[in-house]
Amino acid sequence: MASSASISRPRFRCFDPSNSYPATPDHPRHFSASPPTSRPSTPRVNGRSSGSMAISDNSEPKIATGPGGYVLEDVPHLVDYIPDLPTYPNPLQDNPSYSVVKQYFVNADDTVAQKIVVHKDSPRGTHFRRSGPRQKVYFESNDVHACIVTCGGLCPGLNTVIREIVCGLYHMYGVRRILGIEGGYRGFYARNTIPLTPKVVNDIHKRGGTILGTSRGGHVTSKIVDSIQDRGINQVYVIGGDGTQKGASVIFEEIRRRGLKVVVAGIPKTIDNDIPVIDRSFGFDTAVEEAQRAINAAHVEAESVENGIGFVKLMGRYSGFIAMYATLASRDVDCCLIPESPFYLEGPGGLYEYIERRLKEDGHLVIVMAEGAGQELLAESMNQQDASGNKLLQDVGLWLSQNIRDHFSKQRNMAINLKYIDPTYMIRAIPSNASDNVYCTLLAHSAIHGAMAGYTGFTVGPVNGRHAYIPFRWVTEGQNKVVITDRMWARLLSSTNQPSFLDLKEVEAMKKDEKEEETKAQLTVGENHTEAT
Ligand SMILES: Nc1ncnc2c1ncn2[C@@H]1O[C@H](COP(=O)(O)OP(=O)(O)O)[C@@H](O)[C@H]1O
Ligand SMILES: O=P(O)(O)OC[C@H]1O[C@](O)(COP(=O)(O)O)[C@@H](O)[C@@H]1O
Ligand SMILES: [Mg+2]
């Protein structure tokens with residue numbers, strides 16, 4: 001229910017088990033929005049469970065509300081299912097590099113707002129717990145046995161995140177036992193492990209790919225958690241995209257069900273930038289930069305010949321961010337096609353008409369297309385999936401470039417010169433650039449601080465510029481997509497001058513749908529969240 005607390009002295013405080021606040025009505029020990037589930041009679045600290053445990057199958061979301069429509073979407077903590085765990089002073093306070101920092105530890109009440117553009121009367125809205133080091137930790141350095149796994153497709157920066165987790169654990173928290181799991185999730189039960197030290201990972205950020213290897217599929221929860229338990233691992237760092245975070249969430253639930261003192265921390269990876277809530281994903285910046293080289297080549301080729309068309313296909317299965325940003329950055333692109341914006345070929349306002357106009361006016365043009373765009377135009381879609389269950393796409397770039405050639409030679413009797421460039425794997429197999437490297441460090445450190453502080457079942461990431469701990473379901477239930485009724489897409493249309501392929505009626509209908517979705521989401525927030533007591 002909505003809060004009736006006085007505004008001058010808010011009753012609500014965020015309880016952070018890792019900072020030393022006493023349990024008082026002002027500093028509640030539990031977010032009671034979701035009633036605590038039954039607990040195991042004897043909590044396990046990495047002891048293999050032999051009998052049945054009394055913990056329910058899925059943890060409830062930890063949601064609390066405060067005055068003014070404040071909502072905290074908190075992340076799970078080990079003490080939620082293993083009460084009375086001992087705490088230890090954070091070793092960072094004795095670390096010569098960090099001990100001089102003024103107020104190094106994060107304030108217990110700090111949370112990060114999901115929306116920062118607000119109106120005078122709008123509710124304060126959803127918040128996430130701010131990431132960073134806590135005064136108290138739930139692991140002694142000598143007891144930590146961490147592991148790192150990378151899953152899904154490649155992305156620039158994977159090696160940097162691995163390096164920074166290893167170096168961060170080692171140098172900040174004095175952790176000495178860190179294992180690399182080879183070849184993605186299946187590596188837990190079917191591959192060797194690699195002991196990781198700062199020396200082993202020292203130079204890996206200069207290389208593309210992941211030194212651990214990766215894979216799709218192979219998520220067998222019971223085998224993975226058995227392996228975690230058998231090896232005595234108590235911190236699991238999982239680097240991967242939406243599929244990987246879903247997998248991490250299931251691992252967390254199973255660990256919790258078994259009552260193990262094991263934390264699971266997700267670091268979001270997606271070259272497509274399709275993970276919701278976070279500002280952007282690591283490697284995206286690098287990919288957009290690398291895409292410029294392909295676009296430049298396409299432009300040079302196109303403008304050097306008569307009726308030249310440079311056609312570049314970029315990654316972007318469901319979300320066209322790489323194509324959109326690469327287009328906006330380049331200024332040489334005349335048409336950008338993304339999955340979110342349907343287009344058509346023939347007739348007035350269609351792609352062929354636009355191409356012909358540009359060829360007549362400028363003598364050449366550059367097209368950038370995301371791999372997931374226009375899939376609906378292909379006669380038959382591929383009904384195949386990869387090992388993770390992702391739909392396999394047809395090569396729409398090849399298909400469209402051939403259709404453009406056919407259209408102009410057969411129907412318009414125009415000689416065109418089209419060069420098709422497919423740098424999709426090139427833009428994700430390279431090392432991360434300087435800005436992504438720094439970003440990877442922050443993500444790795446956030447994950448380490450959260451894990452040491454006993455948080456679990458969370459993904460890290462910047463929300464409006466501040467790093468936060470985000471419950472798994474926020475990043476797995478939905479996808480970040482280009483909103484074609486937003487200003488950014490309008491900027492793109494105005495920079496390329498391409499048609500929007502939509503009529504006014506369609507735009508109005510889209511805007512209406514979006515507004516309804518937003519209102520529905522706001523109502524749901526109001527209905528589902530109860531006051532913390
Ligand atoms: N719903 C799910 N539940 C459990 N594991 C999943 C789920 N979806 C994907 N995974 C696992 O996550 C890993 C990576 O998923 P994938 O979709 O290939 O890449 P990404 O994480 O980059 O999206 C794979 O090992 C896959 O089996
Ligand atoms: O050929 P692969 O390795 O299966 O990957 C292709 C897919 O991987 C991506 O680069 C990223 O996908 P994930 O985030 O699922 O790893 C997509 O853009 C692309 O469709
Ligand atoms: Mg994915």
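Order of listing sets the numbers, starting from 1, for every ligand and every atom in it. Predicted, not measured: the structure shown is a model, and the values here were computed from it.
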Is the Lys NZ or Arg CZ of Arg280 less than 6.0 Å from the centre of Tyr439's six-membered ring, within 45° of the axis?
->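 Pair Arg280/Tyr439 counts as cation-pi.
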Please list the nearest protein heavy atom to [atom] with its residue and the distance rounded to 0.1 Å.
atom	value
atom 20 (O) of ligand 2	Glu371 OE2, 2.7 Å
atom 5 (O) of ligand 2	Arg216 NH2, 3.0 Å
atom 15 (O) of ligand 2	Arg317 NH2, 3.0 Å

With a 4.0 Å cut-off on heavy atoms, is Gln245 touching ligand 1?
-> no
The one among Gly184, Gly243, Gly217 that brings a heavy atom closest to atom 24 (C) of ligand 1 |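 Nearest option to atom 24 (C) of ligand 1, by heavy atoms: Gly217.
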Output the list of atoms in ligand 1 that are nearer than 4.0 Å to some heavy atom of Lys246, sorted by atom number.
-> 1 (N), 2 (C), 7 (C)
Non-hydrogen atoms of Gly241 versus ligand 2: any pair closer than 4.0 Å?
->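 Not so, Gly241 does not reach ligand 2.
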Touching ligand 2 at all, Gly243? Heavy atoms, strictly under 4.0 Å?
->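 In this structure, Gly243 fails to qualify as a contact of ligand 2 - no heavy atom is under 4.0 Å.
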Close aromatic pair by centroid cut-off 6.0 Å: Tyr173 and His449 |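 Yes, ring centres under 6.0 Å apart.
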Residue-atom pairs from the protein, N, O or S only, that lie under 2.8 Å from the Mg ion (ligand 3) | Asp242 OD1
With sequence neighbours excluded, tell me which residues meet salt bridge (Lys or Arg N to Asp or Glu O under 4.0 Å) with Arg473.
->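 For Arg473 the salt bridge (Lys or Arg N to Asp or Glu O under 4.0 Å) partners, ignoring immediate neighbours, are Glu73.
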